[in-house]
*Asks:* 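Below are the C-alpha cells for one structure; questions will follow.
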Amino acid sequence: MTERAAVKAALKTQAVETPSWAYGNSGTRFKVFAQQGVPRTPQEKLDDAAKVHEFTGVAPTVALHIPWDEVDDYAALARHAEDRGLRLGAINSNTFQDDDYRLGSVCHPDAAVRRKAVDHLLECVDIMDATGSKDLKLWFADGTNYPGQDDIRARQDRLAEALAEVYGRLGDDQRMLLEYKLFEPAFYTTDVPDWGTAYAHCLKLGPKARVVVDTGHHAPGTNIEFIVATLLREGKLGGFDFNSRFYADDDLMVGAADPFQLFRIMYEVVRGGGLSGDVAFMLDQCHNVESKIPAIVRSVMNVQEATAKALLVDGDALAAAQREGDVLGANAVLMDAFSTDVRPLLREVREEMGLDPDPMAAYARSGWAEKIVAERVGGEQAGWGA
C-alpha cells in the first residue's frame, strides 16, 4: 500500500462522535439565541445527526446527555438511531443543574446529596446497558468559592469513593471517562481541575477508567499535545471533547481559533497510535450564533483536515532531523505537513466512499434545513437545560 493509500484508508476509518446537545438551542450562560427548526425531542436530534453522518460519512455515533435526552424507552431510542444508520455513543451525566448541588455533588459535604449524585451516575450506567453505549462520561462542577469553605482533602476522598462505586458497576466492555476543567463554576478550588488529578483517580480505579481531554479546559498557553502524548504513553487517554477557545471554555467550532494546535494534537494522536486504538473523538460544542447542523458538519471536516495533515508528516525525515539535532529541519517537517492543502485528498476520500466531495454544499442542497423549519413548529425545543 502506498503512503497516499494508507493515509486515505486511515481517514476512511476515522469516526467523530457528535453531541446531541449541539443540535438543540444552546449557548452561553448569558443568552441562548433560539433558532427555527431545532429538535424538540431526542429522536429529532438523532434525525439531524443522521444528516451529518450522511454527508460526512464519519460521524456514526451520537453522545447523549441525561436528563436532557431522557426518554421512557432507551432501547427504542437506540433502535431509532440504528434505523438512521447511527449508534448511541457516550452517556453524559449531569450533576450540576439541581439546586441540591449548590455546594457540590459527589464531593458535597452532605452524604444524602452525595448519594443522590451517585444514584444518578448509576442510572446512567443502566442507560448504557439499554442503549449498548460503551462510555460513561463524567464531568463534575464540584468545587469551592472561598478558602476554608470545605476540606480540600476530604472532598478528594469523597470523589474517590463515588468513582469507585460507579466503576464497580461497569460491565466488562464499558468504560468510565473522567473529564477535568481548570475552573468554572468553582472559583477557589475545582475538585477535578487538571489532567493530573483525573489521571490519579483513573490510575487508582483501574483499566476501565480513562481521562477525557476537553481542548477548551486549559489555561492559556497550556501545551495540550504534551498532555495527549503523556496520556497515550500511559494508556490512559480515553477520548477528546473537541472544541475551540479564545479565552476560556468557549465551546466554539473545533479548529476555529487555532488550527495549528489541532494539527499538533492530532499528530501526537497519530504518533501514539491513538487513531487506530480506542480513543473516542467527540465534539463538545454549543452553536449559539451560527446554524447548527452546518457548524457540526464543518467541525467534523476540521477534524478530518487536521488528521490528514498529521498523517502526512514524514516520520522518517522527522526522526532523522531529531537525531541530528537539526532544530529547524525538524520543525520544517511538521510545518510542511501543516501547510499542505489536504482538501483535494479529502474530496477523493469522500468520492471513494460514495459521498459528495463537498459535504457543506451537499447539505445546503439537500433541503433538510428548510424541511425542519417548516415541520418543527410548536412544542418545547430541546436545548440547553431542557
*Asks:* Checking Trp368 against Asp48: is there a side-chain donor and acceptor pair closer than 3.5 Å?
*Replies:*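 Judged by distance alone, the side chains do pair up.
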*Asks:* Same cluster for Ile224 and Val211 if Ile/Leu/Val/Met/Phe/Trp/Tyr side chains link at under 4.5 Å?
*Replies:*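 Hydrophobic grouping puts Ile224 with Val211.
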*Asks:* Would you check if the side chain of Tyr146 reaches a backbone N or O of Tyr188 as a donor-acceptor pair within less than 3.5 Å?
*Replies:*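 Checking the backbone N and O of Tyr188 against the side chain of Tyr146, no donor-acceptor pair under 3.5 Å is found.
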*Asks:* Would you call Arg115 and Glu165 a salt bridge, taking side-chain N to carboxylate O under 4.0 Å as the test?
*Replies:*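 Salt bridge: yes.
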*Asks:* Could you tell me whether the side chain of Asp314 reaches within less than 4.5 Å of the side chain of Asp336, counting heavy atoms only?
*Replies:* no
*Asks:* List the steps, then state whether salt bridge (charged side-chain N to carboxylate O under 4.0 Å, His left out) holds for Lys181 with Asp214.
*Replies:* CA-CA 8 Å; Lys181 188 174 184 179; Asp214 185 306; over 6 Å; no
*Asks:* Any luck finding a side-chain donor-acceptor pair between Thr61 and Glu17 under 3.5 Å?
*Replies:*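 Indeed, the side chains of Thr61 and Glu17 share at least one donor-acceptor pair under 3.5 Å.
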*Asks:* Check Lys137 with Asp135, please: is the shortest side-chain N to carboxylate O separation under 4.0 Å?
*Replies:*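 Looking at Lys137 together with Asp135, the answer is no, because their closest N to O distance does not fall below 4.0 Å.
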*Asks:* Identify whether Tyr267 and Val228 are in the same connected component of the hydrophobic contact network (ILVMFWY, side-chain heavy atoms under 4.5 Å).
*Replies:* no
*Asks:* Side-chain heavy atoms under 4.5 angstrom apart, residues restricted to Ile, Leu, Val, Met, Phe, Trp, Tyr: same cluster for Ile66 and Val118?
*Replies:*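 Linked, Ile66 and Val118 end up in one cluster.
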*Asks:* In Å and rounded to the nearest 0.5 Å, what is the CG to CD distance from Leu203 to Glu234?
*Replies:*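 Here the interatomic distance stands at 8.0 Å.
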*Asks:* Using the rule that Ile, Leu, Val, Met, Phe, Trp and Tyr join whenever any side-chain heavy atoms are under 4.5 Å apart, tell me whether Val192 and Val166 fall into a single cluster.
*Replies:* yes
*Asks:* Please determine whether a side-chain nitrogen of the Lys or Arg among Arg245 and Asp258 lies less than 4.0 Å from a carboxylate oxygen of the Asp or Glu.
*Replies:* no
*Asks:* Is Arg84 reaching over with its side chain to a backbone N or O of Leu86, donor-acceptor style, under 3.5 angstrom?
*Replies:*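 Not confirmed, Arg84 side chain does not pair with Leu86 backbone.
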*Asks:* Does His287 reach the side chain of Ser26, with side-chain heavy atoms less than 4.5 Å apart?
*Replies:*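 Answer no - side chains too far apart.
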*Asks:* Have a look at Arg158 and tell me which of Asp151, Asp142, Asp150 forms a salt bridge (Lys or Arg N to Asp or Glu O under 4.0 Å) with it.
*Replies:*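 Passing option: Asp150.
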*Asks:* Can you tell if the side chain of Gln156 reaches within under 4.5 Å of the side chain of His201, non-hydrogen atoms only?
*Replies:* yes
*Asks:* For Gln174 and Asp129, test the side chains for any donor-to-acceptor distance below 3.5 angstrom and give the result as yes or no.
*Replies:* yes
*Asks:* Hey, are Lys51 and Glu54 close enough for a salt bridge, meaning a charged N less than 4.0 Å from a carboxylate O?
*Replies:* yes
*Asks:* Kindly give the heavy-atom pair with the smallest separation between Ala337 and Val313, and that separation in Å.
*Replies:*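 Result for this residue pair: CB-CG2, 3.6 Å.
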*Asks:* Between Asp250 and Asn243, is any side-chain donor less than 3.5 angstrom from a side-chain acceptor?
*Replies:* no
*Asks:* Quick one: does Val212's side chain get under 4.5 Å of Phe240's, heavy atoms only?
*Replies:* no
*Asks:* Any non-hydrogen side-chain atom of Met253 less than 4.5 Å from a side-chain atom of Glu290?
*Replies:* yes
*Asks:* Looking just at side-chain N and O atoms, do Tyr199 and Thr230 make a donor-acceptor pair shorter than 3.5 Å?
*Replies:* no
*Asks:* Please walk me through it: do Glu225 and Arg271 pass salt bridge (charged side-chain N to carboxylate O under 4.0 Å, His left out)?
*Replies:* CA-CA 11 Å; Glu225 55 268 33; Arg271 171 74 176 79; over 6 Å; no
*Asks:* If you compare all heavy atoms of Leu231 against all heavy atoms of Trp195, which two are closest, and at what distance to 0.1 Å?
*Replies:* CD2-CE3, 3.8 Å
*Asks:* Kindly work out whether a path of hydrophobic side-chain contacts (I/L/V/M/F/W/Y, heavy atoms less than 4.5 Å apart) joins Leu88 to Met282.
*Replies:*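 In one cluster with Leu88: Met282, no.
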*Asks:* Looking at every non-hydrogen atom in both residues, tell me the closest pair between Ala362 and Phe55 and how far apart they are.
*Replies:*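 It is CB-CD2, 3.6 Å.
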*Asks:* Hey, is the main chain of Met335 close enough, under 3.5 Å, to the side chain of Ser339 for a donor-acceptor pair?
*Replies:*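 Yes; judged by distance alone, with no hydrogens or angles, the pair exists.
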*Asks:* Please tabulate, for side-chain N and O atoms in residues 345-355, each donor-acceptor pair with protein atoms closer than 3.5 Å (sequence neighbours left out).
*Replies:*
from, atom 1, to, atom 2, distance (Å)
Glu348, OE1, Arg4, NH2, 3.2
Glu348, OE1, Lys8, NZ, 3.1
Glu348, OE2, Arg4, NH2, 2.7
Arg350, NH1, Pro357, O, 3.3
Arg350, NH2, Gln304, OE1, 3.0
Glu352, OE1, Lys12, NZ, 2.7
Glu352, OE2, Lys8, NZ, 2.5

*Asks:* What verdict does the side-chain hydrogen bond (donor to acceptor under 3.5 Å, both in side chains) test give for Asn302 and Ser299, after you've listed the backbone C-alpha separation in whole Å, the side-chain angles of each residue and the deciding distance to 0.1 Å?
*Replies:* CA-CA 5 Å; Asn302 288 350; Ser299 296; 5.2 Å; no
*Asks:* Under the side chain to side chain contact (heavy atoms under 4.5 Å, CB included) rule, what do Leu46 and Val62 come out as? Steps first, then yes or no, please.
*Replies:* CA-CA 7 Å; Leu46 294 175; Val62 182; 3.9 Å; yes
*Asks:* Would you say the rings of Phe260 and Phe338 are close, in the sense that their centroids are separated by under 6.0 Å?
*Replies:*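 When the ring centroids of Phe338 and Phe260 are compared, they turn out to be within the sub-6.0 Å range.
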*Asks:* Kindly say whether the aromatic ring centers of Tyr180 and Trp139 come within a distance under 6.0 Å.
*Replies:*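 Distance test on ring centres: not under 6.0 Å, no.
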*Asks:* Would a distance-only check, ignoring hydrogens and angles, find a side-chain to backbone donor-acceptor pair under 3.5 Å from Thr131 to Ser133?
*Replies:* yes
*Asks:* So does Pro359 get a backbone contact from the side chain of Asp356, meaning a donor-acceptor N/O pair under 3.5 Å?
*Replies:*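 Flag not set: sc Asp356 to bb Pro359 has no pair under 3.5 Å.
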*Asks:* Please determine whether side chain to side chain contact (heavy atoms under 4.5 Å, CB included) holds for the pair Phe281 and Val279, giving the CA-CA distance in whole Å, both sets of side-chain angles, and the decisive distance to 0.1 Å.
*Replies:* CA-CA 6 Å; Phe281 300 97; Val279 176; 4.1 Å; yes
*Asks:* Would a line drawn from the ring center of His108 to the ring center of Phe140 be shorter than 6.0 Å?
*Replies:*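 No.
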*Asks:* With a 4.0 Å cut-off on N to O distance, would you call Arg175 and Asp278 a salt bridge?
*Replies:* yes
*Asks:* Decide yes or no for His65 and Pro19: does some side-chain heavy atom of the first lie under 4.5 Å from some side-chain heavy atom of the second?
*Replies:*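 Of all side-chain heavy-atom pairs linking Pro19 with His65, none is under 4.5 Å.
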*Asks:* I want to check something: taking the side chain as every heavy atom from C-beta on, are Glu179 and Leu138 in contact at a cut-off of under 4.5 Å?
*Replies:*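 The answer is no, as the side chains (C-beta and beyond) never meet within the 4.5 Å cut-off.
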*Asks:* Keeping Thr340 on the side-chain end and Val342 on the backbone end, is there a donor-acceptor pair under 3.5 Å?
*Replies:* no
*Asks:* Where is the tightest heavy-atom contact between Leu136 and Leu121, given as atom of each residue plus distance?
*Replies:* CD2-O, 4.4 Å
*Asks:* Does Thr215 reach the main-chain N or O of Phe242 with its side chain, forming a donor-acceptor pair under 3.5 Å?
*Replies:* no
*Asks:* Go through the steps for Lys292 and Tyr23 under the test side chain to side chain contact (heavy atoms under 4.5 Å, CB included), then give the verdict.
*Replies:* CA-CA 6 Å; Lys292 299 177 187 302; Tyr23 296 98; 5.5 Å; no
*Asks:* Between Ser291 (side chain only) and Pro294 (backbone N and O only), is there a donor and an acceptor less than 3.5 Å apart?
*Replies:*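 Not confirmed, Ser291 side chain does not pair with Pro294 backbone.
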*Asks:* Keeping Glu375 on the side-chain end and Ile372 on the backbone end, is there a donor-acceptor pair under 3.5 Å?
*Replies:*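 Judged by distance alone, no pair lies under 3.5 Å.
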*Asks:* Are any non-hydrogen side-chain atoms of His120 and Thr95 less than 4.5 angstrom apart?
*Replies:*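 A side-chain contact exists here, since the closest heavy-atom pair is under 4.5 Å.
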*Asks:* Given 3.5 Å as the limit, does a donor-acceptor pair link the side chain of Asn94 with the main chain of Gln97, or not?
*Replies:*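 Side chain of Asn94 to backbone of Gln97, a donor-acceptor pair under 3.5 Å: yes, one is there.
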*Asks:* Between atom NZ of Lys236 and atom CG of Leu177, what is the distance when rounded to the nearest 0.5 Å?
*Replies:* 10.5 Å
*Asks:* Does the side chain of Asp47 come under 3.5 Å of the side chain of His80 through a donor N or O and an acceptor N or O?
*Replies:* yes
